[in-house]
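No hydrogens, no waters, no symmetry mates; every other heavy atom, side chains included, goes into these values. Start at 1 and go down the list; that is how both ligands and their atoms are numbered.
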Amino acid sequence: MAVREILTAPDLRLKQKSKPVEGGVTNEHRKLMDDMLETMYAAPGIGLAAIQIGEPLRIIVMDLAKEDEPKAPRYFVNPELVTLSEDTAPYEEGCLSVPEIYEEVQRPARVRLRYLDYNGKQIEEDAEGLYAVCIQHEMDHLEGVLFIDHLSRLKRENALRKLKKARKAEAEARV
Ligand code: NI
């Protein structure tokens, strides 16, 4: 396993649409998922899409366990939303590719999803709460969409300005 570099906005690679995994889940995909998980834990974060480390494949890793709980990694290959609830819920989201920015986003409160797991087995299940938020956020990454793209233009521009400022301060601190 290896910790990989996480791309951050406005890196254009984050805007591309990821391709489905064809021909089942192979050891190569599992190696990528292992790297993604290690990268996510090191960040630390609760979810990561492959494109965030520059791999345009429809693969996501996630771990929603609290700090005092044992690790509970989840792996999603070719995830699809089967149904979305009509009612929405707000959640203050953040993203490893948009560091330091946290903004409230409204999304369907519950979803039903279908995906292949680490071993290539097809799973269909319901998600609500943080799980529903996180899977929708990560699946947006597969379409080249960031959570700040859900904000009003004013809020998005403010967020990007803040991000630029933070990056500049970081660069200066490194000198
Ligand atoms: Ni994200």
Side-chain angles (χ1 to χ4, degrees), residues 1-21 29 32-67 71-81 84 88-111 113 115-118 127-153 155-167 170:
M1 294 213 279
V3 172
R4 307 260 300 255
E5 189 200 340
I6 297 178
L7 307 180
T8 54
D11 192 309
L12 287 177
R13 285 171 288 179
L14 291 167
K15 299 303 256 176
Q16 65 185 303
K17 201 171 160 174
S18 294
K19 291 194 181 69
V21 169
H29 299 125
L32 173 61
M33 289 192 264
D34 292 344
D35 284 355
M36 287 168 63
L37 196 74
E38 194 174 351
T39 303
M40 184 191 82
Y41 284 145
I46 60 169
L48 190 78
I51 190 59
Q52 292 180 273
I53 58 166
E55 303 280 352
L57 282 171
R58 301 185 84 82
I59 297 179
I60 288 164
V61 298
M62 191 186 297
D63 190 334
L64 303 178
K66 300 197 178 71
E67 265 177 62
K71 283 188 166 46
R74 303 175 195 227
Y75 308 88
F76 305 86
V77 176
N78 296 344
E80 289 170 69
L81 294 177
L84 299 109
T88 62
Y91 193 87
E92 192 172 68
E93 297 187 21
C95 179
L96 294 175
S97 293
V98 192
E100 321 255 337
I101 309 292
Y102 298 89
E103 290 285 349
E104 195 171 90
V105 179
Q106 285 278 350
R107 298 183 188 272
R110 290 174 306 284
V111 298
L113 66 147
Y115 60 93
L116 303 177
D117 70 6
Y118 192 81
E128 60 178 0
L130 182 56
Y131 184 16
V133 171
C134 196
I135 193 66
Q136 292 178 81
H137 173 117
E138 299 309 329
M139 284 180 69
D140 270 355
H141 278 298
L142 308 184
E143 304 302 322
V145 173
L146 299 173
F147 82 97
I148 51 172
D149 296 327
H150 290 284
L151 307 176
S152 67
R153 203 177 90 184
K155 275 197 169 172
R156 185 169 57 249
E157 281 169 3
N158 278 341
L160 286 170
R161 200 173 305 126
K162 212 164 129 192
L163 188 65
K164 219 166 151 188
K165 218 188 250 175
R167 185 163 310 132
E170 200 182 296

Please determine whether the number of non-hydrogen atoms from other residues, nucleotides or ligands lying under 6.0 Å from atom CD of Gln106 exceeds 12. yes
Let me see the working for Tyr118 and Asp34 under side-chain hydrogen bond (donor to acceptor under 3.5 Å, both in side chains), right down to the final yes or no. CA-CA 10 Å; Tyr118 192 81; Asp34 292 344; 2.8 Å; yes
Spacing of CG belonging to Leu64 relative to SG belonging to Cys134, to within rounding of 0.5 Å: 5.5 Å
Glu143, CD: over 12 other non-hydrogen atoms inside 6.0 angstrom: yes
Does a sphere of radius 6.0 Å around CD in Gln16 hold more than 12 heavy atoms from other residues, nucleotides or ligands, not counting ones at 6.0 Å or beyond? yes
Suppose the cut-off is 2.8 Å; which protein N/O/S atoms would you list for the Ni ion (ligand 1)? Cys95 SG, His137 NE2, His141 NE2
Tyr131 six-ring face occupied by Arg74 cation (under 6.0 Å, within 45°): yes
